[in-house]
Amino acid sequence: MRGELEGSSVFIRNVREASQTYSKGCFGYPLSGGFLELDLVEAAFLLAHERLDVYDGKRKMTFADIFERASRLIDGFDIKYMVYRDLREGRGFIVKPGSGDYDFRVYARGVLPSDAPPAYLVVAASESTSTDFSVFSGDAAGAEDMGKKLLYAVADEEGDITYYRMEVVDPRGKYRCQSSEVRTQGSLVGDRVFVYDGCGASALRKEAFYGKEWGGVLQLSLIESCYLTSRGELEVTDSFGKKLSVDDIKSIGRHTQDGFGYRYKAYADLRGRGLLVKAGFKYGTHFRLYEDDPDSCHARYLVHAVPASTTAVWPEISRIVRLSGGVRKEILFCRVGEDNEYLSFKWFKP
């Protein structure tokens with residue numbers, strides 16, 4: 001079939017050939033008069049499969065010609081083409097070019113675009129790119145508003161594609177903290193607080209599994225201590241016997257621990273959602289979350305807290321997602337801002 005390159009599209013003007021191209025794979029967009037307009041990624045794919053000849057005026061173009069022309073016209077065309085080819089050729093989906101923030105619309109197998117809306121909106125990305133978490137949030141919100149599932153298709157340096165499903169979630173637990181009527185005394189040692197009084201330690205553990213108890217002594221993290229002090233349940237003193245306020249503890253935290261401010265805000269929000277929050281260091285994240293009594297259930301989530309506009313690189317996201325999958329937990333990235341937002345990334349096989 002003959003296609004004619006004009007700007008950033010290829011047109012098939014033979015009505016019979018245009019109809020065949022569209023009916024066998026839903027390539028392109030039918031135009032009045034029976035013509036067919038192909039996006040450059042579609043045209044390159046059909047040319048590579050020897051189903052289309054593309055002409056620029058009188059000159060017949062090779063695949064290299066159209067691939068390099070498209071790469072000059074469209075940012076990230078090489079990545080988009082690899083993702084398109086993987087979805088079409090490797091996975092058998094009907095794929096149509098997207099618009100706005102989304103590169104492709106992907107339809108369920110066996111479903112025609114004329115019969116149903118797309119199953120997925122897909123964003124194509126290179127593993128070497130970095131993305132602001134606010135962009136992730138905007139993409140997820142847009143897909144949710146349209147009632148679609150959002151996938152990120154990430155191409156590595158060898159051209160292999162890994163898919164991640166991303167959505168905004170609202171984690172909730174069943175454990176509601178009941179404030180203790182007794183204020184417990186704690187002593188700051190280094191960057192943690194120790195409760196030596198057995199009754200006080202027992203009360204905090206019984207209330208909401210705060211800290212870790214060993215030999216009758218309760219060890220609290222600085223974040224837990226700050227939270228309990230803000231609730232009026234803990235009084236912390238330093239090595240000189242000075243009583244520390246919430247602001248004092250926050251100041252110590254900021255000077256001794258990276259990201260203490262946004263990690264504390266995430267912790268307080270999660271506790272307020274009825275979740276039991278414990279350290280996530282051994283899983284390579286900030287927190288692990290229990291929806292109920294840790295003695296009767298496993299942690300469901302791992303949480304990594306980040307400032308609202310932080311920039312992430314795909315290898316870091318991939319590492320955390322793979323690690324969480326290996327321990328059968330769901331990873332949430334908490335965007336800490338005026339209102340915290342939780343983004344779920346899951347490895348996904350379309």
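Residue numbers run from 1 in the order of the sequence given.
- Nearest heavy-atom pair, Arg172 versus Glu291, reported as atom, atom and distance to 0.1 Å: O-OE2, 3.6 Å.
- Between the side chain of Ser19 and the main chain of Arg16, no donor-acceptor pair closer than 3.5 Å is present.
- When every heavy atom of Gly216 is checked against every heavy atom of Glu213, the shortest pair comes out as CA-OE2, 4.1 Å.
- Taking the ring pair (Phe, Tyr, Trp, His ring centres under 6.0 Å) definition, one finds that Tyr152 meets it with Phe136, Trp314, sequence neighbours left out.
- With hydrogens and angles ignored, the 3.5 Å screen pairs a side-chain donor or acceptor of Thr229 with a backbone N or O of Ser225.
- With contacts defined as side-chain heavy-atom distances shorter than 4.5 Å, the pair Arg328/His298 does not qualify.
- The closest side-chain heavy-atom distance from Thr237 to Lys242 is not below 4.5 Å.
- A single hydrophobic cluster is seen to contain both Leu47 and Phe45, as judged by linkage of ILVMFWY side chains at heavy-atom distances under 4.5 Å, directly or through other members.
- Between Ile79 atom CD1 and Ile74 atom CD1 the span is 13.5 Å, to the nearest 0.5 Å.
- Side-chain contact between Val195 and Leu234 is present, with at least one heavy-atom pair separated by less than 4.5 Å.
- Thr21 contributes atom OG1, which lies 7.0 Å from atom CG of Leu52 (distance to the nearest 0.5 angstrom).
- Using modelled atom types, no side-chain atom of Ser202 and backbone atom of Gly198 make a donor-acceptor pair closer than 3.5 Å.
- Across all their heavy atoms, Ala153 and Val83 have their closest contact at CB-CG1, 3.6 Å.
- Environment of NZ in Lys212: sparse, with no more than 12 heavy atoms of neighbouring residues, nucleotides or ligands closer than 6.0 Å.
- For the residue pair His304 and Thr285, the shortest heavy atom distance occurs at ND1-CA, 3.7 Å.
- Atom-to-atom distance recorded for Arg192:CZ and Thr256:OG1 is 10.0 Å, nearest 0.5 angstrom.
- Looking at heavy atoms from C-beta onward, Arg335 lies in side-chain contact with Leu343 at the 4.5 angstrom threshold.
- A donor and an acceptor atom, one from each side chain of Tyr290 and Arg288, are located under 3.5 Å apart.
- Ser251 and Asp248 share no side-chain donor-acceptor pair at under 3.5 Å.
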Derivation and outcome, side chain to side chain contact (heavy atoms under 4.5 Å, CB included), residues Val123 and Leu150: CA-CA 8 Å; Val123 177; Leu150 173 62; 4.1 Å; yes
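- In this structure a side-chain-to-backbone donor-acceptor pair under 3.5 Å is missing from Arg300 to Lys329.
- Taking the six-membered ring for Trp, Tyr120 and Phe348 have ring centres closer than 6.0 Å.
- One N or O on the side chain of Asp103 and one on the backbone of Ala124 form a donor-acceptor pair closer than 3.5 Å.
- The backbone N or O of Gly211 sits less than 3.5 Å from a side-chain atom of Glu224, completing a donor-acceptor pair.
- Annotation: side chain of Ile317 is not in contact with side chain of Val154 (no heavy-atom distance under 4.5 Å).
- The only member of Phe104, Phe27, Phe93 that meets ring pair (Phe, Tyr, Trp, His ring centres under 6.0 Å) when paired with Tyr84 is Phe104.
- The aromatic rings of Phe194 and Trp214 sit perpendicular to each other, their planes meeting at more than 60°, with 30° as the lower class boundary.
- Side-chain atoms of Ser134 and Asp132 form a donor-acceptor pair, as typed in the model, at a separation below 3.5 Å.
- With rounding to the nearest 0.5 Å, the separation of CG in Leu332 from CG in Asp170 is 10.5 Å.
- Tyr102 places a side-chain N or O within donor-acceptor distance of the main-chain N or O of Ala143, the cut-off being under 3.5 Å.
- With Lys265 contributing its side chain and Phe260 its backbone, the two residues share no donor-acceptor pair below 3.5 Å.
- For Thr310 (side chain) and Pro307 (main-chain N/O), no donor-acceptor pair under 3.5 Å exists by modelled atom type.
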Step-by-step side chain to side chain contact (heavy atoms under 4.5 Å, CB included) determination, Asp53 to Lys60: CA-CA 7 Å; Asp53 291 330; Lys60 184 177 178 180; 3.5 Å; yes
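- Between the CD1 atom of Ile94 and the CG atom of Leu112 there is a distance of 5.0 Å, given to the nearest 0.5 Å.
- Closest approach of Val321 and Phe345 over heavy atoms only: CG2-CB, 3.7 Å.
- Remark: side-chain polar atoms of Lys80 are paired, donor with acceptor, to backbone N or O of Asp75 under 3.5 angstrom.
- At a threshold of 4.5 Å between side-chain heavy atoms, the hydrophobic network of Ile, Leu, Val, Met, Phe, Trp and Tyr places Tyr283 and Phe209 in two separate groups.
- The distance from the NZ atom of Lys346 to the CD atom of Glu167 is 5.5 Å, given to the nearest 0.5 Å.
- Side-chain contact between Pro118 and Lys96 is absent, with no heavy-atom pair separated by less than 4.5 Å.
- Residues Ile223 and Val306 do not share a hydrophobic cluster, clusters being chains of Ile/Leu/Val/Met/Phe/Trp/Tyr side chains in contact below 4.5 Å.
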Candidate pair Tyr301 and Leu270, rule side chain to side chain contact (heavy atoms under 4.5 Å, CB included), full reasoning: CA-CA 11 Å; Tyr301 301 107; Leu270 291 164; over 6 Å; no
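- No donor-acceptor contact under 3.5 angstrom links the side chains of Arg263 and Tyr267, judged on distance only.
- Around the CD atom of Glu6, the shell of radius 6.0 Å holds more than 12 heavy atoms that belong to other residues, nucleotides or ligands.
- Every residue meeting the salt bridge (charged side-chain N to carboxylate O under 4.0 Å, His left out) condition with Asp269, not counting sequence neighbours, appears here in chain and number order: Arg273.
- The closest side-chain heavy-atom distance from Arg69 to Leu5 is below 4.5 Å.
- Taking the side chain as every heavy atom from C-beta outward, Glu341 and Ser137 approach each other to under 4.5 Å.
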Audit row: Arg91, Arg109, side chain to side chain contact (heavy atoms under 4.5 Å, CB included) steps and yes/no: CA-CA 9 Å; Arg91 301 176 188 271; Arg109 292 181 182 88; 3.9 Å; yes
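- Heavy atoms only, all atoms of each residue included: Asp86 and Tyr163 are closest at OD2-OH, 2.6 Å.
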